[in-house]
Structures are given as C-alpha cells and as structure tokens.
*Asks:* 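Okay, here's the structure, questions in a sec.
Per chain, numbering begins at 1; letters A, B, ... match sequence-line order.
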2 protein chains.
Amino acid sequence: MTDGAVAGVDLPRLRELNSLTIVRALRDHPPSTVTELSQRTGLSRPAVDLIAQNLVADGWATVIEAGTSSAVGRPARRYQFRSTAGYVLGVDVGVHKVLALVADLNGEVLHSHRAAVAADADPQARLAALDEAIEECLTATKKKPADVWAVTIGVTGPVDSSGRTSLFTPLPGWDQVDLPAHLAGRFSCPIIVENDCKLAALAERWKGAASDASDVIYVLAGMRIGAGLILDGVLRRGYGGAAGEIGALKQVRWLAAPSHLENCPGVPASVSPDDAAAWVFEAARHGDRAAKTAVSRYVKDLAVGAAALVLALDPQVVIYGGGFSRSADLVLAPLTAELQRLCLRVPEVRASTLGADSVALGAIRLALNELDNRLFSTTLSSPAAPTVR
Amino acid sequence: MTDGAVAGVDLPRLRELNSLTIVRALRDHPPSTVTELSQRTGLSRPAVDLIAQNLVADGWATVIEAGTSSAVGRPARRYQFRSTAGYVLGVDVGVHKVLALVADLNGEVLHSHRAAVAADADPQARLAALDEAIEECLTATKKKPADVWAVTIGVTGPVDSSGRTSLFTPLPGWDQVDLPAHLAGRFSCPIIVENDCKLAALAERWKGAASDASDVIYVLAGMRIGAGLILDGVLRRGYGGAAGEIGALKQVRWLAAPSHLENCPGVPASVSPDDAAAWVFEAARHGDRAAKTAVSRYVKDLAVGAAALVLALDPQVVIYGGGFSRSADLVLAPLTAELQRLCLRVPEVRASTLGADSVALGAIRLALNELDNRLFSTTLSSPAAPTVR
C-alpha cells in the first residue's frame with residue numbers, strides 16, 4: 001500500500017508546508033536554535049536547518065550569531081522572525097479624536113499620534129486629521145507608504161462589506177465616506193474598515209483584560225454604549241457586519257443609561273456636556289448624594305443590555321471598557337450584582353486594561369490577522385506587502 | 001532539501017489520513033466508483049483502489065457489484081459507506097411527551113416512538129416513559145443496546161457540563177436527574193444531554209428551513225419561548241451551556257408574550273389551557289376580533305426578544321419553530337414588520353419545516369457529530385461503538 005499512498009503526496013507542497021510551520025514557530029517565540037525549532041515542530045534537525053537558512057535568504061528570518069549564552073562547546077546560532085520586514089497601521093477615527101499607531105509584524109507599537117477633531121467636524125476635516133495622523137506616524141518612524149503591509153481604520157457604527165457605515169453613524173456625513181477609496185491613492189496594501197467596539201474587543205483579547213478568555217463580551221461604555229463579541233476566540237462580525245448593536249433596542253436601556261450622568265443635578269455650568277460624566281463619577285467618589293444616585297441609575301440601565309447579551313451568549317468574561325472604564329471602581333461591583341439578579345449564570349466582570357488605546361490597538365491586531373491570512377495560512381509568500389489589486 | 005523535508009513525513013500516518021479522506025468522500029455521496037473517488041479526493045486510482053478494499057475488509061464500506069449502468073465495457077463496481085455499521089438514538093424529553101428516534105450512521109430515521117407524559121409527572125414516571133420509548137425503538141428495529149453508538153437526549157432548560165439542568169427546568173424534579181447515569185447501565189456508548197432549543201436549531205440547519213444558512217437564530221415558540229444559536233455553522237452552547245436563554249430577561253418580553261394567547265377573551269371553558277393558543281390562532285384566522293388582537297400583542301412581545309438577538313448577532317436567518325410554528329401563517333409577516341421597525345439590518349424570517357420532530361432530529365444530528373469527532377476526525381477507528389470508559 002506504500003506506493004499507492006505516497007502517490008497522493010506532493011513533495012514541493014510538503015516543503016512549503018514545513019516552511020510555514022517553521023515561520024509560525026519563529027513568530028510566536030523568542031530567538032530559537034535549530035534544536036529548539038526541531039523540538040517545537042517535530043521536523044528533523046537537518047530539515048529545520050535547511051528551511052531556516054532559506055527563510056533568512058528570503059528575508060523572513062534573521063540570524064543572531066551566538067554570544068556567550070552556551071557554557072560548553074560552540075554556542076548555537078539563533079534564528080528570529082524578521083518582524084521589521086513590514087509594518088501595519090491601526091487608526092481610531094473617533095468623535096473627538098483620531099489616534100494612529102504604527103507597529104511592526106510582531107505588533108510592537110513604534111509610534112503613535114493623536115489629533116483632536118471637533119465632534120461636529122465634516123468628513124473633509126476628519127479625513128484631513130486621519131491623513132495627518134498617518135503621515136506623522138510614517139515620518140516619525142522614517143517609513144514610506146510602501147513599507148506598510150496593511151491598514152485598519154476603526155470607526156463608530158456597524159461597517160458593511162464595502163467599508164461604509166451606511167446603517168448608522170454618529171459622525172456627521174460619514175455614511176457617505178468611502179475610506180478604502182480615500183486611502184487607495186497612497187496605499188496599495190489591504191485597507192480594512194471595522195467597527196470600534198469590535199476592534200476594542202480584539203485588543204482586550206490580544207493583550208488586555210480578556211487575554212485568557214475565548215468567549216468574551218466587550219462593552220464600550222461612553223456617552224454611547226456598544227458591544228463587541230468574541231466567541232471561541234473569533235471576533236463575530238455578523239452576517240452584515242452589524243453584530244453587537246443591541247444598544248439600538250430601547251427596551252435594553254443602553255440608549256437611556258448615559259443620560260442619568262448627563263442630567264445629574266449639581267453639575268456646574270462651567271463643565272462641558274462631554275465632561276459631565278467624569279464630573280459625576282468624581283463627585284460620587286466623594287459622596288455626593290445626587291451623583292451617587294445618578295451612577296446607580298446608570299449602572300441599573302447598563303446592566304439590562306449587558307444581561308441581554310450575557311443571557312443570549314453565556315460568555316466567560318464581560319469586559320467593561322471605553323471612556324467610562326476609568327470609573328470602573330464605581331461600576332464593577334454594582335454591575336456584577338445586577339447581573340446576578342438578572343442572569344441565570346453570571347460571568348466574571350472585569351475592567352478594560354487598555355483604556356483609550358484599545359480601538360487603535362485592535363486595529364493593529366486586525367491588520368496583523370489579515371496578513372496572517374494572506375501570508376502565513378496556506379502558502380508562504382515572499383516578504384512584501386500584499387496588494388489588493 | 002528533499003530528504004530533510006521528507007524526514008518530517010510519517011508514512012503510516014499518511015496512509016491513515018488517506019483512508020479517512022476516502023471514508024469522508026464515501027459518507028457524503030451516493031455509491032461511487034474508484035475513478036469517482038480518485039477525482040473527488042485527488043488521490044491516485046491505485047491508492048483509492050487499495051484503500052477501498054481495506055475499508056470493505058474493515059467493515060466501513062460495502063461493494064455494490066456492477067449492474068447494467070455502464071453502457072460500454074465491463075461495468076465498474078461501486079463502493080458505499082456502510083451506514084448500518086452502527087446506530088444512534090435521539091430522544092426529545094418534553095413537558096407532555098417523550099419522542100425517540102433511531103437512525104443509521106447516515107442519519108436515516110428507521111423508527112420513531114412517541115409516549116405521552118403528564119406535565120406534572122415526577123422524574124420516575126418521565127424516566128420510565130424515556131426507557132419505554134427507547135425500548136420500543138430497539139425492539140421495532142431488532143437492535144440491541146450494543147448496536148447503539150451514541151445517544152442524545154434533549155431536555156428543556158440549559159444543560160451544564162454534567163448533563164444536568166441545574167440552573168432552570170420546567171420539568172418537576174428534573175434538576176436532580178442524572179440522565180447519563182440513568183442510561184449508563186444499558187449503554188456503554190457516549191450519552192449526551194442537550195437543551196431542546198439548541199437541538200432544534202441543529203436540526204433545521206441539517207435538513208430544515210436553515211439548511212442554506214450559517215448564521216441562524218432559531219426561536220422555539222410555545223407556551224415558553226427559547227432560542228438556539230448557530231454561528232459560522234457551529235452550534236453555540238456558551239461557556240456554561242446557557243447560550244440562548246435571553247427569554248429569562250423580563251424586559252425583552254418573551255415571558256409575557258404567550259400570556260396574551262392564554263388569556264384571550266372568548267376561549268371556551270371546554271378548551272384546556274394547553275390548547276388555548278391553538279384555539280386563539282384558529283379564531284384569528286376566522287376573523288375573531290379579540291383573537292386577532294391577542295395574536296398581534298403576542299407578535300409584538302415576541303419581536304422584542306427576537307430583535308434583541310438579531311441586533312446582538314446580526315444573523316442571516318431567523319427560524320420560527322416550536323409548537324406555535326403551526327400558526328406561522330399568522331406570525332411571519334407581522335413579526336418581520338416589527339423587526340424592520342426595531343432592528344438596523346433585518347434577516348430573513350422563515351417558518352420551521354421540521355415542526356414537532358425537530359428536537360429529536362437535532363438529537364440524532366448531535367449524536368452523529370459526536371461519532372464524527374470520535375471516529376472520523378484525526379484517526380480512523382475500527383467500526384464499533386466508542387466507549388466512554
């Protein structure tokens with residue numbers, strides 16, 4: 001039976017799969033010797049040796065010549081993934097700001113730039129801030145657009161398959177903006193647009209409060225409340241990109257929840273509406289009775305929508321993130337108590353650890369996922385930016 | 001590089017993987033020739049020929065000697081998956097009945113038995129009905145317990161990892177029932193307990209109204225309303241088995257919805273509470289004003305919970321199933337209209353096509369999935385019941 005069975009094997013394909021195996025084994029680890037890679041992958045030492053040399057020649061790996069780490073005999077050379085072969089951009093286009101990050105292929109952030117935007121800015125002004133933030137990141141890190149292998153932009157509102165927020169957006173005029181077209185002049189690499197809550201969920205799962213969990217509900221809490229869902233470790237977009245939009249249903253009270261803070265009696269006239277919530281949380285911390293009542297009502301309403309998601313999906317963890325997560329000290333305990341009252345099984349409730357950077361960091365993660373799919377999934381491409389056309 | 005790379009290949013393992021490939025290629029198709037199997041799998045004809053003969057010797061396949069199908073030359077023999085190598089049982093333990101099905105490894109149902117149970121029956125009486133229904137199925141098909149390779153029992157309420165409905169059950173005393181222990185005396189094969197809504201969702205996706213969709217919300221509508229979720233073609237259980245229980249949240253109105261039917265003015269005293277809903281639907285069909293109002297209120301409340309799930313998950317399809325799906329003619333259009341009012345993106349709403357058998361059929365499907373995982377995933381076991389100890 002040997003001959004017949006082997007007739008089904010494609011040797012060049014096998015070599016490519018083995019190369020992929022070694023690239024993946026390098027990516028997720030510190031610099032490694034051939035012996036370590038052989039143990040990690042189950043491939044023979046001679047095979048690993050040859051593949052590693054080819055990966056260096058191709059530009060996917062670099063050699064670290066042996067130092068003094070080995071006590072006896074000739075110290076072994078180490079290979080590491082060449083994370084500076086390419087770069088990715090992650091940008092958060094919010095109501096008040098644009099935040100851009102540039103990172104290498106390991107997701108190491110090299111530079112960030114924040115540009116303030118007026119809440120009522122028109123699309124041209126917001127796109128100009130986006131362009132400026134990207135430009136600053138490239139200039140500061142001395143990169144050209146061609147060095148960028150993938151770009152992800154996070155926006156508020158559900159994003160359809162064309163990268164538009166046609167169903168709903170709080171950004172004035174943004175439903176008409178075609179971000180991929182706007183950026184296509186400067187970048188030939190993949191350009192992805194995604195909802196901010198979904199990106200923040202990805203970031204918390206990657207290197208934040210949910211890094212140990214596979215079933216996660218992320219709640220982005222601010223003057224608007226949204227959700228991002230991760231199930232079995234995978235971000236759920238929904239059939240039309242609109243998963244997580246339960247806040248649109250008035251019965252689950254997310255539309256009403258922030259108004260308790262906004263309309264709290266006692267907020268000084270000098271405090272802007274955007275800063276009112278922070279003022280109320282701080283006043284509640286100092287025992288102000290009206291502020292404590294407002295926070296309590298906010299949490300009760302927040303809990304109804306959170307309970308709807310918990311009962312629907314039965315997650316392991318709920319992450320309380322977004323701008324209001326700075327006040328998690330006042331929210332987590334009463335929110336958990338409300339969920340215990342409303343739900344059959346109560347997940348752990350945790351505060352976001354990434355705070356205001358979570359959307360842009362999630363954008364970096366999604367850009368890297370896109371590269372993983374294009375470069376490291378079924379074939380090993382040469383180290384260069386994938387092009388979309 | 002050839003030698004080094006091939007050193008990573010395990011030939012006996014390759015042969016086993018090729019055998020698995022052929023078993024899978026046989027399972028999903030009508031009887032096939034070696035040429036057809038070779039084309040379908042990419043393996044060479046000599047390899048397929050040898051593997052197919054071994055599968056017949058092992059008991060995984062049977063030969064159909066050539067008939068008159070081939071017009072020219074010697075007609076080719078065909079191989080088919082031996083679906084009668086083993087059997088599975090799927091049982092629906094409901095409030096009013098126990099329904100048991102026995103099926104072969106292709107999921108072909110060979111016999112079904114329905115036993116009536118009183119809604120207030122104690123666990124002993126309900127377990128006796130379960131045993132009787134299983135016994136009837138085995139006797140009618142002349143099978144022994146050892147011929148059964150997997151058993152799935154569907155129950156109402158969320159099922160935890162031990163097979164208990166400890167969080168909630170409407171069946172009297174059922175939170176104390178240990179079904180796997182009860183059946184372990186007679187069956188040594190895997191015994192799975194699962195929630196009824198989840199099983200019904202699986203069935204509709206398998207051979208019902210959702211067979212073309214990967215993102216499905218199934219609503220089991222009756223005097224209680226529950227949901228089963230399928231995302232990316234996979235049934236979502238939730239971290240603790242309690243996914244789909246959004247009906248427990250009073251704000252989404254599923255607890256209240258059926259009461260409009262139950263309390264509709266004009267239901268004759270002779271109609272039992274269990275039959276009241278059917279009476280109201282029928283009266284509404286004939287233009288009864290009070291009945292039409294009751295149905296309208298029912299649909300409005302039903303839509304709130306359905307909208308919460310649609311907004312949370314953005315599915316492709318919503319299936320309206322359960323006992324009340326017999327009245328889908330009165331429900332689908334107004335339910336869709338309500339969802340259009342409440343949701344950002346409205347999925348297609350369809351009536352269940354499997355009706356009262358859906359839970360038991362889903363139990364068959366889950367039992368077959370369990371066998372797929374145990375018998376056809378990474379190694380090819382010999383054709384015999386897997387044992388759990």
*Asks:* Rounded to the nearest 0.5 Å, what separates atom CG in Leu342(A) from atom CD in Gln251(B)?
*Replies:*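 Answer for the CG-CD pair, Leu342(A) versus Gln251(B), is 6.5 Å.
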*Asks:* For chain A, which candidate among Gly241(B), Ala242(B), Ser214(B) shows the most heavy-atom pairs at distances under 4.5 Å?
*Replies:*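 Looking at each option in turn, the highest pair count goes to Ala242(B).
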*Asks:* Write down the atom of Leu309(A), the atom of Ala312(B), and the distance for their closest heavy-atom approach.
*Replies:* CD2-CB, 3.6 Å
*Asks:* Within a radius of less than 6.0 Å around CZ of Arg297(B), do more than 12 heavy atoms belonging to other residues, nucleotides or ligands occur?
*Replies:* no
*Asks:* Less than 4.5 Å to any heavy atom of chain B: does that hold for the side chain of Pro347(A), its backbone, both, or neither?
*Replies:* neither
*Asks:* Mind ranking Leu17(A), Leu167(A), Asp49(A) by heavy-atom pairs under 4.5 Å with chain B and telling me who comes out on top?
*Replies:* Leu167(A)
*Asks:* Shortest non-hydrogen contact from Gly238(A) to Asp215(B)?
*Replies:*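 Reported closest heavy-atom pair: C-OD2, 4.5 Å.
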*Asks:* Can you say whether Leu229(B) sits under 4.5 Å from chain A via the side chain, the backbone, both, or neither, judging by heavy atoms?
*Replies:*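 For Leu229(B), the contact with chain A is made by the side chain alone.
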*Asks:* If you tally heavy-atom pairs under 4.5 Å against chain A, which of Ala213(B), Gly240(B), Gly244(B) wins?
*Replies:* Gly240(B)
*Asks:* Using non-hydrogen atoms and a 4.5 Å limit, figure out which bit of Leu344(A) sits close to chain B: side chain, backbone, both or neither.
*Replies:*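 Backbone plus side chain of Leu344(A), per the 4.5 Å heavy-atom cut-off to chain B.
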*Asks:* If you define the side chain from C-beta out and look only at heavy atoms, does anything of Leu313(A) sit under 4.5 Å from Ile246(B)?
*Replies:*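 Side chain of Leu313(A) against side chain of Ile246(B), heavy atoms only: no contact under 4.5 Å found.
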*Asks:* Go through the atoms of Ala227(A) and report whether side chain, backbone, both or neither lie under 4.5 Å from a heavy atom of chain B.
*Replies:*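 Neither part.
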*Asks:* Considering only NZ, NE, NH1 and NH2 on the basic side and carboxylate oxygens on the acidic side, decide whether Arg236(B) and Asp232(A) come within less than 4.0 Å.
*Replies:* yes
*Asks:* Please find the pair of heavy atoms, one from Ala248(A) and one from Leu311(B), that lie closest to each other, and give the distance.
*Replies:*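 In this case the closest contact between Ala248(A) and Leu311(B) is CB-CD2, 4.1 Å.
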*Asks:* Highest number of heavy-atom pairs under 4.5 Å with chain B: which of Val317(A), Ile217(A), Leu231(A)?
*Replies:* Leu231(A)
*Asks:* Heavy-atom pairs under 4.5 Å with chain B are the metric here; pick the option from Arg45(A), Gln316(A), Glu245(A), Lys250(A) that has the most.
*Replies:* Gln316(A)
